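The structure presented is a predicted model; accordingly, all values stated were derived computationally and were not measured.
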Amino acid sequence: MVTKITDGVKISVETIYQPEYSNPANEHFMFAYRVNIENLTENSVQLLNRHWYIFDSNGTKREVDGEGVVGQQPVIEPGDNHEYVSGCNLKTDMGSMKGSYEMERIVDGAKFSVNIPEFYLVAPYKLN
């Protein structure tokens, strides 16, 4: 698990290889990732947008932008957290992701960026 705190918002990410949805012979490797977003500030915040950089070990790079996460733009109260699970497919059995969330402080409407730490997507057999 990797963790990073930006402006009082803590992001923790855990990854899981999905062999049942992968097909290595066709260069299709599926990974799930669980993200926990914890609000350590004194103000409610809302996650508005996401921006991802996705890297395959073959040098391919993709960028993904979108509103919210898994169809939600959650408001996270002080001391609370929001957790979700999503997925990513790669053409190789190793890669990584990193990115940022655009957040808004509810009290004054100020927008700020929260860094998502780089995390690795690795098929377990590569770790031997």
Side-chain angles (χ1 to χ4, degrees):
M1 178 179 290
V2 297
T3 299
K4 185 171 188 110
I5 299 173
T6 308
D7 292 331
V9 178
K10 180 179 178 181
I11 308 295
S12 301
V13 185
E14 178 183 13
T15 63
I16 306 109
Y17 177 60
Q18 304 281 284
E20 63 276 19
Y21 299 108
S22 298
N23 187 338
N26 289 328
E27 298 181 332
H28 181 79
F29 300 87
M30 192 68 199
F31 297 87
Y33 55 91
R34 180 188 336 271
V35 179
N36 188 355
I37 305 165
E38 188 175 354
N39 182 359
L40 305 175
T41 74
E42 297 177 358
N43 299 292
S44 299
V45 297
Q46 182 173 17
L47 191 158
L48 301 176
N49 298 298
R50 69 185 182 281
H51 185 87
W52 287 108
Y53 297 97
I54 305 167
F55 305 93
D56 272 271
S57 62
N58 66 4
T60 303
K61 176 184 168 186
R62 292 179 281 165
E63 287 189 55
V64 176
D65 286 301
E67 288 187 356
V69 290
V70 293
Q72 301 177 23
Q73 291 180 308
V75 173
I76 309 168
E77 301 298 331
D80 281 349
N81 70 303
H82 177 80
E83 187 172 276
Y84 72 94
V85 176
S86 190
C88 176
N89 65 303
L90 299 177
K91 290 189 173 290
T92 61
D93 53 8
M94 291 177 29
S96 67
M97 292 177 66
K98 66 180 180 179
S100 62
Y101 296 127
E102 180 187 19
M103 308 287 279
E104 180 178 22
R105 268 196 321 264
I106 301 298
V107 67
D108 61 6
K111 292 182 173 65
F112 61 102
S113 181
V114 172
N115 294 320
I116 304 165
E118 185 170 21
F119 55 94
Y120 295 95
L121 307 163
V122 182
Y125 59 82
K126 293 297 279 188
L127 300 174
N128 292 335

Count I, L, V, M, F, W, Y as connected when their side-chain heavy atoms are under 4.5 Å apart, and connections chain through other members. Are [X] and [Y] then in the same cluster?
X	Y	value
Val2	Val114	yes
Ile54	Val13	yes
Val75	Val70	no
Met97	Val85	no

So, do [X] and [Y] sit near enough that their side-chain heavy atoms are less than 4.5 Å apart?
X	Y	answer
Cys88	Arg62	yes
Asn39	Glu77	no
Val35	Ile11	yes
Met103	Leu47	yes
Asp65	Asn49	no

Residue pair Leu121, Phe29: steps toward the side-chain contact (heavy atoms from CB on, under 4.5 Å) verdict: CA-CA 9 Å; Leu121 307 163; Phe29 300 87; over 6 Å; no
Closest non-hydrogen atom pair between Ala110 and Asp108, with its separation: N-OD1, 3.0 Å
Nearest heavy atoms of Asn81 and Glu38, plus distance in Å: CB-CA, 3.9 Å
Side chain [X], main chain [Y], donor-acceptor under 3.5 Å:
X	Y	value
Gln73	Leu48	yes
Thr15	Tyr33	no
Thr41	Asn43	yes

Nonpolar side-chain network containing Tyr53, other nodes, edges under 4.5 Å: Phe55
For Leu40, the rest of its hydrophobic cluster, which grows through side-chain links under 4.5 angstrom: Ile5
Could you grab the distance from atom [atom1] of [X] to atom [atom2] of [Y], nearest 0.5 Å is fine?
X	Y	atom1	atom2	result
Ile37	Asp80	CD1	CG	12.5 Å
Glu14	Thr3	CD	OG1	10.5 Å
Asn36	Lys10	CG	NZ	8.0 Å
Leu90	His28	CG	NE2	9.5 Å

Evaluation steps, side-chain contact (heavy atoms from CB on, under 4.5 Å), between Thr6 and Phe112: CA-CA 9 Å; Thr6 308; Phe112 61 102; 5.9 Å; no
Stepwise side-chain contact (heavy atoms from CB on, under 4.5 Å) test for Arg105 and Val45: CA-CA 5 Å; Arg105 268 196 321 264; Val45 297; 4.2 Å; yes
Under the side-chain hydrogen bond (donor to acceptor under 3.5 Å, both in side chains) test, residues paired with [X] that sit two or more places apart:
X	result
Thr92	Asp56, Ser57
Glu63	His51
Glu118	Ser96

Aromatic plane relationship, Tyr101 with Tyr84 - under 30° parallel, 30 to 60° tilted, over 60° perpendicular: perpendicular
Check against side-chain contact (heavy atoms from CB on, under 4.5 Å), His82 and Val69: CA-CA 10 Å; His82 177 80; Val69 290; 4.3 Å; yes
Glu67 atom CD, over 12 foreign heavy atoms within 6.0 Å: no
Asn58 and Thr60 side chains, donor-acceptor separation under 3.5 Å: yes
With sequence neighbours excluded, residues passing ring pair (Phe, Tyr, Trp, His ring centres under 6.0 Å) with Phe31: Tyr17
